[in-house]
Protein chains: 2
Amino acid sequence: MTSSGLRSGELADAAGVNQQTLRYYERRGLLASPQRSPGGHRIYPAETVTLLRIIKTAQRLGFTLNEVADLLDAGRHRHGRRPDSGLQARARDKLAEIEQKLTDLTVIRDTLRAAISAGCDDLVSCADSPCCPLPFAELAQRNDNAGH
Amino acid sequence: MTSSGLRSGELADAAGVNQQTLRYYERRGLLASPQRSPGGHRIYPAETVTLLRIIKTAQRLGFTLNEVADLLDAGRHRHGRRPDSGLQARARDKLAEIEQKLTDLTVIRDTLRAAISAGCDDLVSCADSPCCPLPFAELAQRNDNAGH
DNA sequence: TTGCATCCGGTACCTGGGTACAGGCTTACC
DNA sequence: GGTAAGCCTGTACCCAGGTACCGGATGCAA
């Protein structure tokens, strides 16, 4: 390994994350428990910076921390692989998920545009106006999309 | 008003929400405190079903419960209106928000597609392969979009 | 009047991704 | 060896939008 190692504050700075986040990731199984100094302080190998960058990248692609942990695990013992465990397969699933969200958000966008150009200015009056474009009648009922 | 009124279970069924949710909305200021029976049971006017439908519709359009509460309030005392308080203005802001999310998700989608067609199958090996399309180098750092 | 369904308030818990704080130890530098 | 910066553990809290459980009180029909 490269020279000595990083202390938690140094690693946090280098990777641009909070120091508490490091311990949080350790609890969540994303980071292995690092070596300790005689007094109990964590000493991380330098590659951990890369690992954190990997984690952040996967997060940005829409994977949850659990999924990232799985993905890292799957990469670690890639002998005797089940065919569903690689990044390829997971990326395909995630892509489908993202595409679904895009579809949902597009419907929402179009509805908002319709409401704007119809001049809607009050929800309650809209609700009993028959010409309002807002979908008060139930709609597909999948929520997961919009409200962040 | 139409006849007698609804009890909380009836309203919940009629509107397709959980009974606890009604009390939750009452605490959050989305539903006014209804009349009570002599024994303290809530009695809702029949229009509350419509109101709940309105709330759900606004939620589906991406408004948070706080925003929905504001929107309903703004509609209620629409005398002496500030010009930013109508549905029009809020819908325009929300539309911009949704469009930003669409843009972000589109970037994510394209990145996933690139990773899939480049055949990436392991994050850790990708991270030090120079030809991997995954953006390990920092990227725009706005997260709010993907992770649901 | 009895019995059961329903409702009450209060509080705790859930997901997901962290962040903050308190009180005490370790490390580094002079 | 003193002092300050940094680190330790444990616990609690934050956002949003609910959901679940509890013991006790009510409502309604037979």
Side-chain angles (χ1 to χ4, degrees), chain A residues 4-31 33-44 48 52 55-71 94 97 101 141-148, chain B residues 4-31 33-44 48 52 55-71 94 97 101 141-148:
Chain A
S4 46
L6 298 149
R7 298 194 297 155
S8 59
E10 293 171 330
L11 176 59
D13 287 354
V17 301
N18 192 305
Q19 208 175 129
Q20 326 276 64
T21 304
L22 295 179
R23 293 198 289 120
Y24 177 64
Y25 283 3
E26 193 176 325
R27 277 209 303 287
R28 296 282 306 252
L30 287 141
L31 293 181
S33 319
Q35 283 198 299
R36 299 290 184 129
S37 77
H41 288 197
R42 288 173 180 80
I43 302 172
Y44 294 94
T48 312
L52 283 167
I55 292 169
K56 286 298 171 193
T57 302
Q59 258 189 310
R60 264 182 258 130
L61 292 176
F63 292 98
T64 66
L65 287 186
N66 275 337
E67 289 168 335
V68 178
D70 276 8
L71 232 24
K94 190 53 72 177
E97 234 177 74
K101 281 190 190 175
Q141 214 64 357
R142 292 203 339 89
N143 234 17
D144 179 32
N145 31 28
H148 123 110
Chain B
S4 47
L6 299 148
R7 297 194 297 154
S8 58
E10 292 170 331
L11 176 59
D13 286 355
V17 301
N18 193 305
Q19 207 176 130
Q20 327 277 66
T21 303
L22 294 179
R23 292 199 288 123
Y24 177 63
Y25 283 2
E26 193 176 326
R27 277 208 303 287
R28 295 283 305 252
L30 287 142
L31 294 182
S33 321
Q35 283 198 298
R36 300 290 185 128
S37 77
H41 287 195
R42 287 174 180 79
I43 302 171
Y44 294 94
T48 313
L52 282 167
I55 291 169
K56 287 298 173 193
T57 302
Q59 259 188 309
R60 265 183 257 127
L61 291 176
F63 291 97
T64 66
L65 288 185
N66 275 337
E67 290 168 337
V68 177
D70 276 9
L71 232 25
K94 190 54 72 178
E97 234 177 75
K101 280 189 191 176
Q141 215 64 356
R142 291 201 342 88
N143 235 17
D144 180 34
N145 29 30
H148 126 110

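Reminder, nothing fancy here: chain letters follow the sequence lines and each chain counts from 1.
Taking the side chain of A:N18 as heavy atoms from C-beta on, and the options D:dG17, C:dG10, C:dA20, the nearest nucleotide is C:dA20. When distances run from any side-chain atom of A:Q20 to the nucleotides C:dA20, C:dC8, D:dC8, the shortest one goes to C:dA20. Out of D:dG18, C:dC8, D:dC7, the shortest distance to the side chain of B:Y24 is found at D:dG18. Comparing D:dG27, C:dG18, C:dT27 against the side chain of A:Y25 picks out C:dG18 as the nearest. Looking at the side chain of B:Q59, the nearest of the listed nucleotides C:dG18, C:dT6, D:dG18 is D:dG18. Proximity note for B:S37 (side chain, C-beta onward) versus C:dG17, D:dG18, D:dT26: the nearest is D:dT26. Side-chain atoms of A:S8 lie closest to D:dC8 of the nucleotides D:dT19, C:dT19, D:dC8. Of the candidate nucleotides D:dT19, D:dG27, D:dG17, D:dG17 has the atom lying nearest to any side-chain atom of B:R28.
Using a 4.5 Å heavy-atom cutoff, the side chains of B:L22 and B:T48 are not in contact. The shortest side-chain heavy-atom distance between A:Y24 and A:L30 does not fall under the 4.5 Å cut-off. When side chains are defined from C-beta on, A:L11 does not count as touching A:V17, because their heavy atoms never get closer than 4.5 Å.
Going from atom CD of B:E26 over to atom C1' of D:dT19 covers 17 Å, rounded to whole Å. Rounded to a whole Å, the CG atom of B:L30 is 13 Å from the C1' atom of D:dA16. Distance B:R27 CZ to C:dG9 C1': 10 Å, rounded to the nearest Å. Between the NE2 atom of A:H41 and the C1' atom of D:dG6 there is a distance of 7 Å, rounded to whole Å. Between A:L22 atom CG and D:dC8 atom C1' there is a gap of 14 Å when expressed in whole angstrom units. In this structure, the CD atom of A:E10 is 13 Å from the C1' atom of D:dA5, given to the nearest Å. Rounded to an integer number of Å, the gap from CZ of A:R36 to P of C:dC25 is 16 Å. Between the CD atom of B:E67 and the C1' atom of D:dC15 there is a distance of 14 Å, given to the nearest Å.
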Please evaluate residues A:R36 and A:R42 with respect to the criterion side-chain contact (heavy atoms from CB on, under 4.5 Å), reporting the C-alpha separation (whole Å), side-chain torsions for both, the decisive distance (0.1 Å), and the verdict. CA-CA 5 Å; A:R36 299 290 184 129; A:R42 288 173 180 80; 3.4 Å; yes

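Proximity of A:K56 to the phosphate of C:dG17: no side-chain N or O atom is located under 4.0 Å from OP1 or OP2. Distances shorter than 4.0 Å separate none of the side-chain N or O atoms of A:T21 from OP1 or OP2 on C:dG17. Distances shorter than 4.0 Å separate none of the side-chain N or O atoms of A:R7 from OP1 or OP2 on D:dG6. OP1 or OP2 of D:dA20 has not a single side-chain nitrogen or oxygen of B:Q19 nearer than 4.0 Å. Contact annotation: A:R42 side-chain N/O to D:dT9 OP1/OP2 distance is under 4.0 Å.
Nearest-nucleotide positions on DNA chain D for B:P38 and B:N66 put B:N66 closer to the 5' end.
Closest approach of A:S8 and A:Q19 over heavy atoms only: OG-OE1, 3.3 Å.
Under 4.0 Å is where a charged nitrogen must lie from a carboxylate oxygen, and between A:K94 and A:E97 at least one such pair does.
In this structure, A:R23 reaches the bases: a heavy-atom distance under 4.0 Å links it to at least one base atom across the strands shown.
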